[in-house]
Amino acid sequence: MTTTANTTPPAPAAVPAGSGPWQLARAELRRRTAVKVSLAVVALFLLMAAGAPLLSSLAGWSPEEFDKTAVDPYLGGRPLGPLGGISADHWLGVEPVTGRDLFARVVHGAQVSLLIALTATAIVVLAGTAAGITAGYFGGRTDAVLSRLMDLTMSFPSLIFMIAMMSVAKDVNRILLMTAVIGLFGWPGVARVVRGQTLSLRHREYVDAARVGGSGPWRILTRDILPGVAGPVIAYTTLIVPGMIATEAALSYLGVGVRPPTPSWGQMIAESVAFYDTDPMYFVIPSTCLFLTVLAFTLLGDALRDVLDPRSGRT
């Protein structure tokens with residue numbers, strides 16, 4: 001007698017009857033291993049960034065403090081000891097030449113990089129959602145003006161313009177300037193997504209009923225339209241964050257971003273290029289942090305898009 005292998009896929013997590021779309025989405029996300037791992041990695045780096053001063057004080061070194069005893073002056077400042085000087089005193093080793101503690105600079109670099117990326121993302125999402133929902137709901141001349149503004153902003157060579165603005169700005173707060181410049185060019189993408197979603201929602205029965213019932217535009221936008229576009233916006237937001245992190249790292253790598261002694265991952269990667277053959281750990285550690293953060297946000301964004309954005313066409 002022959003037996004047939006059981007190929008039935010595992011059943012999804014049980015969801016109570018009558019659950020809303022957000023409860024169903026949470027249940028779907030909870031059963032995905034990639035989401036759990038991504039959330040753990042994101043939470044780890046966010047906690048690292050938030051607790052950077054505490055972590056560096058526990059390690060016993062500030063990010064700007066030199067330790068000349070940890071490098072060999074007769075070998076071009078090469079870190080003493082294996083793996084870039086990793087020891088009980090320096091948990092991730094030290095920078096060549098300067099002897100600054102790499103752990104302290106990595107955690108403070110996470111604070112700078114994630115602060116810029118998340119703040120710029122917030123600016124992009126708020127501005128893009130406001131512009132998109134306004135253009136999609138009111139239509140006509142308002143839609144035409146905002147759509148042309150989106151096209152104009154997207155037509156700029158954004159990276160070249162960012163480099164030019166960051167290069168000519170001298171005595172300014174570099175973190176604030178980078179946040180504003182990165183956010184300036186990101187909002188049209190969100191606005192187009194929200195505009196398209198709003199166009200499909202503004203003539204739904206419940207929106208028409210609210211309009212007939214005497215609700216004003218502000219109430220309709222906030223109570224009826226905005227909840228309908230929230231899913232795609234949340235999914236799109238998590239996909240924006242990796243790009244923002246990479247943009248900040250690229251600008252710092254090119255030398256027009258955060259300036260020393262303020263640490264950032266892109267700046268550390270740029271400085272490590274000169275030492276990749278003598279001290280590869282100086283390149284590997286910040287690069288790994290950047291890679292894991294971008295990968296975690298990307299996987300999380302893909303999962304949210306699959307679950308929350310019905311237009312993605314993916315399961």
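These numbers come from the heavy atoms of this one structure, side chains and all, not from hydrogens, waters or symmetry mates.
Cluster annotation: Val112 is not connected to Trp61 through the hydrophobic network of ILVMFWY side chains, with a link wherever side-chain heavy atoms come within less than 4.5 Å. With hydrophobic clusters built from ILVMFWY side chains whose heavy atoms lie under 4.5 angstrom apart, Ile240 does not share a cluster with Leu126. Hydrophobic cluster membership is shared by Phe291 and Val294, with clusters built from Ile, Leu, Val, Met, Phe, Trp and Tyr side chains linked at under 4.5 angstrom. Connection of Met154 to Val194 is not established within any shared hydrophobic cluster, with ILVMFWY side chains joined at heavy-atom distances below 4.5 Å, either directly or through further cluster members. Cluster membership check: Leu290 shares its hydrophobic cluster with Leu295, using side-chain heavy-atom separations under 4.5 Å among Ile, Leu, Val, Met, Phe, Trp and Tyr.
Atom CZ in Arg105 sits 13.0 Å away from atom CG in Leu92 (nearest 0.5 Å). One finds the CG atom of Asp279 at 8.5 Å from the CD1 atom of Ile285 (value rounded to the nearest 0.5 Å). Distance check, rounded to the nearest 0.5 Å: OG of Ser38 to CG of Leu299 gives 4.0 Å.
Using modelled atom types, no side-chain atom of Arg259 and backbone atom of Ser252 make a donor-acceptor pair closer than 3.5 Å. In this structure, Lys68 contributes its side chain and Gly77 its backbone to no donor-acceptor pair below 3.5 Å.
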Item checked: Audit row: Trp265, Tyr253, ring-ring contact (aromatic ring centres under 6.0 Å, His included) steps and yes/no -> CA-CA 9 Å; Trp265 289 342; Tyr253 181 87; over 10 Å; no
Next item on the list: Would you sort out whether Val94 and Leu102 count as a side-chain contact (heavy atoms from CB on, under 4.5 Å), showing the intermediate values?
Entry: CA-CA 5 Å; Val94 297; Leu102 197 55; 5.8 Å; no
Notebook entry, point to check: Would Leu146 and Thr142 satisfy side-chain contact (heavy atoms from CB on, under 4.5 Å), going step by step from the backbone distance to the final call?
Noted result: CA-CA 6 Å; Leu146 289 174; Thr142 302; 4.0 Å; yes
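Asp67 and Thr69 share a side-chain donor-acceptor pair at under 3.5 Å. Remark: the Glu95 side chain and the Tyr282 side chain contain an N/O donor-acceptor pair separated by less than 3.5 Å.
Residues Met178 and Leu251 meet the side-chain proximity criterion, which asks for heavy atoms closer than 4.5 Å.
Heavy atoms only, all atoms of each residue included: Phe297 and Pro242 are closest at CB-CG, 3.4 Å. Nearest heavy-atom pair across Ile86 and Trp91 is CG2-O, 3.5 Å.
In summary, the aromatic rings of Phe161 and Phe185 are positioned with their centroids under 6.0 Å apart.
Of the residues listed (His108, Met244, Glu248), the one engaging Ser113 in a side chain to side chain contact (heavy atoms under 4.5 Å, CB included) is Glu248, and it is the only one.
Between Asp143 and Arg195 there is a salt bridge, since at least one side-chain N of the basic residue sits less than 4.0 Å from a carboxylate O of the acidic one.
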Listed pairs under 3.5 Å, donor-acceptor, residues 225-239 side chains, sequence neighbours left out:
unit_1 : atom_1 : unit_2 : atom_2 : d
Thr237 : OG1    : Val233 : O      : 2.6
Thr238 : OG1    : Ala235 : O      : 2.8

